[in-house]
Amino acid sequence: LTLLAFFVLRRGAPTSSINPGAVILLTYLSLRLLIWGLGVTSLSNFAIESSKDRAMPSLILTVGIGLYVVTRVKTARQQAWILGFLLVGLTYDCVVGLLQSVSPLDLQLLFQPPGFILNEDVDGGRLVSNLYERFGALRGYGTSGHPIEFSVLAAVTVPLAIHLSRFATTKRLRIMAAGAALIALAAVPAGVSRSGLIALIVALFTYMWAFSLRQMAGALFGGVIVFLAGFAAFPNIFQALWLTTINSGDDDSVR
């Protein structure tokens, strides 16, 4: 499947031209299919068995949409629209996760289509599950399926928002993107996830080379201010994230 990126998705470009986005997506699809294949050979409890096959339609749809975007979006204007829509959706996800971790308000419960029911227990607007609590701190999960996914998406939002805060076409859009970057930075620890923290470090380390030393110093100063403000406002979340990190060796998922 990965080799299809080299031969099928070149859009008539020269042989030496490879679409890196298609390679990444098809590699991801190949690995997920491999994991699914291994999973169906191993029987477990009912919930896991039913979720194995349910995950496949969304996987294929997600990869299909991604392949359409990376192969059909060609102009700078089209790219700007796609990035803008992504930032709006991701920022909303961050806002939902932040509210879940610090209040009983869960905005995702407002978007229950008619005729559908929740398959989780709900108490006072919160999903009742030990999965969403760690070291005494509630773990936000936004519009995602799990706090780990939420934290990684929040980390992805940070460099995207910073990019648009620098290169958006109007001053108003640049200011809004800068605000989205601050929201995303605050949302990363709300999931109390090591994965989100690692993703943020990798993303910033990759993107930092596009800045001058002076810009990096300013960004570092701003990041420290955001961190201190978040720690002062939500010490339990930051303490839980710290305990999660230093106790990684005792975590079943890590072992």
*What are the two closest non-hydrogen atoms of A22 and V70, and how far apart are they?*
N-CG2, 3.9 Å

*Answer yes or no: is there a side-chain heavy-atom contact under 4.5 Å between F211 and I162?*
yes

_Co-membership, hydrophobic cluster, residues L31 and I24, 4.5 Å side-chain_ = no

*If you look at every heavy atom in A155 and P159, which pair is closest and at what distance?*
O-CD, 3.0 Å

*What are the two closest non-hydrogen atoms of L164 and L83, and how far apart are they?*
CD1-O, 3.9 Å

*In the hydrophobic clustering (ILVMFWY, side-chain contacts below 4.5 Å, transitive), which residues join I60, or is it alone?*
none

*Yes or no on side chain to side chain contact (heavy atoms under 4.5 Å, CB included) for L185 and L200, after CA distance, side-chain angles and deciding distance?*
CA-CA 9 Å; L185 277 173; L200 179 63; 4.2 Å; yes

*Of all pairs that satisfy salt bridge (Lys or Arg N to Asp or Glu O under 4.0 Å), the ones with a partner from residues 182-195, not counting sequence neighbours*: R194-D251

*Going by the angle between their ring planes, with limits at 30° and 60°, are F85 and W81 parallel, tilted or perpendicular?*
tilted

*Please confirm whether the backbone N or O of A55 pairs with a side-chain atom of S58, one donor and one acceptor, at under 3.5 Å?*
yes

*asked:* Could you check whether any side-chain heavy atom of L67 comes within less than 4.5 Å of a side-chain heavy atom of L26, counting everything from C-beta outward?
replied: yes

_L173 reachable from L182 in the ILVMFWY side-chain graph, under 4.5 Å edges_ = no

_Inter-residue atom distance L25.CG - I65.CD1, 0.5 Å rounding_ = 11.0 Å

*Side-chain contact, heavy-atom cut-off 4.5 Å: V188 with T157?*
no

*Answer with yes or no whether the hydrophobic clustering places M176 together with V156; edges join I, L, V, M, F, W, Y residues whose side-chain heavy atoms lie under 4.5 Å apart.*
no

_Heavy-atom side-chain contact between Y207 and L160 under 4.5 Å_ = no

*Do you reckon L153 sits in the same ILVMFWY cluster as I82, going by side-chain contacts under 4.5 Å, direct or chained?*
yes

_Treating R174 as the side-chain partner and R166 as the backbone partner, does any N or O pair qualify as donor plus acceptor under 3.5 Å?_
no

*More than 12 foreign heavy atoms under 6.0 Å from CG of L213: is that the case here?*
no

*Same hydrophobic cluster for V202 and L220, using side-chain heavy-atom links shorter than 4.5 Å among ILVMFWY?*
no

_Testing the basics here: between V192 and R139, what is the closest heavy-atom pair and its distance to 0.1 Å?_
O-NH2, 3.3 Å

*asked:* Please find the pair of heavy atoms, one from F150 and one from D93, that lie closest to each other, and give the distance.
replied: CE1-O, 3.3 Å

*Write down the atom of A190, the atom of G97, and the distance for their closest heavy-atom approach.*
CB-O, 4.4 Å

*asked:* Would you call the rings of H163 and F167 parallel, tilted or perpendicular, taking 30° and 60° as the class edges?
replied: tilted

*Test side chain to side chain contact (heavy atoms under 4.5 Å, CB included) applied to M56 and L33, step by step*: CA-CA 8 Å; M56 295 310 297; L33 289 175; 3.2 Å; yes

